J.: 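Below you will find the structure I want to go over with you.
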Amino acid sequence: MNNVFLIGMMGSGKTTTAQELARIRALKAIDVDGIIEDCAKKSINDIFLEDGEAAFREFEKDALLQVLNSQYQVVATGGGIVLAPENVKRMRESGTVVYLKTALPILWERVKSSRNRPLLRAENPKEIFKGIFEKRSALYEQAAHHIVLTDGKTVRQVASEIYEKVFL
Ligand code: S3P
């Protein structure tokens, strides 16, 4: 079976939804950020702080390549995975890509007090987050085979919707 890749902004629920979908389908839930931390032997925050974003994006590409060696997985990606066209190509060729689309105010409420989102460690995190949202929305839409709106839905509802779109 091909893998299922969940893409979307920080705070869109990719990790929890991947776990729920994996549970429903008896698949393995994989988190790309987790693989990066295992490989780098440090936290995402420390990678950004000590090595910079460009280095993080290289770790991210390598982690995705590692994921592609296996099947039967629901893969929660990091929000920036779509920034590299080769990542998008690889995901689309090796599985089904699903965009968890969430409204900006809902995302902001979820991430605003998060301490492990290095891109938002700035004086004006709200503006930065809005800028990221605006820059990436089209990239997510173009990368996705399916788009699932998550606003007002539980993780279980979102996972069931993905299940119907991808597996039925
Ligand atoms: C990032 C999102 C994060 C993590 C890193 C960069 C981004 O993952 O990969 O902080 O560029 O949007 P989540 O989307 O799981 O928060």
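All values derive from a computational prediction rather than experimental measurement. Atoms within a ligand are numbered from 1 in the order they appear, just like the ligands themselves. What's counted below: heavy atoms across the whole structure, side chains too, no hydrogens, waters or symmetry copies.
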J.: For ligand 1, does Ile44 get within less than 4.0 Å through its side chain, its backbone, both, or neither, judged by non-hydrogen atoms?
T.: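 For Ile44, the contact with ligand 1 is made by the side chain alone.
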J.: Using a strict threshold of under 4.0 Å (side-chain N to carboxylate O), is an ion pair present between Arg23 and Glu20?
T.: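 The answer is yes: the pair qualifies as a salt bridge.
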J.: Of all the non-hydrogen atoms in the protein, which one sits nearest to atom 9 (O) of ligand 1, and at what distance?
T.: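 Minimum-distance protein heavy atom for atom 9 (O) of ligand 1 reads Asp33 OD1, 2.8 Å.
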J.: Mind checking whether Met10 and Ile47 sit in one hydrophobic cluster, side chains of I, L, V, M, F, W, Y counted as touching below 4.5 Å?
T.: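 Same cluster.
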J.: Go through ligand 1 atom by atom and flag the ones less than 4.0 Å from a non-hydrogen atom of Gly78.
T.: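 The list of qualifying atoms is 8 (O), 9 (O), 14 (O).
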J.: If you count the atoms of ligand 1 from 1 in the order shown, which ones are under 4.0 Å from a heavy atom of Leu119?
T.: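 Listed by number with element, the hits are 7 (C), 11 (O).
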J.: Output yes when Glu86 and Arg90 qualify as a salt bridge under the 4.0 Å nitrogen-oxygen rule, no when they do not.
T.: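 Answer for the salt bridge query: no.
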J.: Write out the residue and atom name of the closest protein heavy atom to atom 2 (C) of ligand 1, then the distance separating them to 0.1 Å.
T.: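 Atom 2 (C) of ligand 1 sits closest to the protein heavy atom Gly79 N, 3.4 Å.
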J.: What is the distance from atom CG of Leu27 to atom CD of Gln73, rounded to the nearest 0.5 Å?
T.: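 Output value for this atom pair is 9.0 Å.
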J.: Output yes when a side-chain donor or acceptor of Asn87 lies under 3.5 Å from a complementary backbone atom of Ile81, and no otherwise.
T.: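 Yes, because the side chain of Asn87 sits within donor-acceptor range (under 3.5 Å) of the backbone of Ile81.
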J.: Among Gly80, Ala76, Gly34, Gly13, which one puts a heavy atom closest to atom 7 (C) of ligand 1?
T.: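 Of the listed residues, Gly80 has the closest heavy atom.
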J.: Regarding Thr150 and Thr102, is there a side-chain donor-to-acceptor distance under 3.5 Å anywhere?
T.: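 Side-chain D/A pair, Thr150 to Thr102: present.
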J.: Note the single closest protein heavy atom to atom 16 (O) of ligand 1, along with its residue, its atom name and the distance in Å.
T.: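 Answer for atom 16 (O) of ligand 1: Arg117 NE, 2.8 Å.
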J.: Report the nearest protein non-hydrogen atom to atom 12 (O) of ligand 1: residue, atom name, distance rounded to 0.1 Å.
T.: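 It is Arg136 NH1, 2.7 Å.
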J.: Kindly confirm or rule out an N or O of Arg57 lying under 3.5 angstrom from an N or O of ligand 1.
T.: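 Looking only at distances, the answer is yes, because the N/O contact criterion of under 3.5 Å is met.
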J.: Residue-level breakdown please: for Val111 versus ligand 1, do any non-hydrogen atoms fall below 4.0 Å on the side chain, on the backbone, on both, or on neither?
T.: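 For Val111, no heavy atom sits under 4.0 Å from ligand 1.
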J.: In plain terms, say whether Glu60 and Arg57 are close enough for a salt bridge, that is, a side-chain N and a carboxylate O under 4.0 Å apart.
T.: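 Looking at Glu60 and Arg57, the cut-off is met.
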J.: State whether the side chain of Lys14 and the backbone N or O of Gly8 hold a donor-acceptor pair below 3.5 Å, judged by distance alone.
T.: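 Yes, the answer is positive, given that a donor and an acceptor are paired below the 3.5 Å cut-off.
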J.: Which heavy atom of the protein is the closest neighbour of atom 10 (O) of ligand 1, given with residue, atom name and distance?
T.: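 Going atom by atom, the protein heavy atom closest to atom 10 (O) of ligand 1 ends up being Pro118 CD, 3.5 Å.
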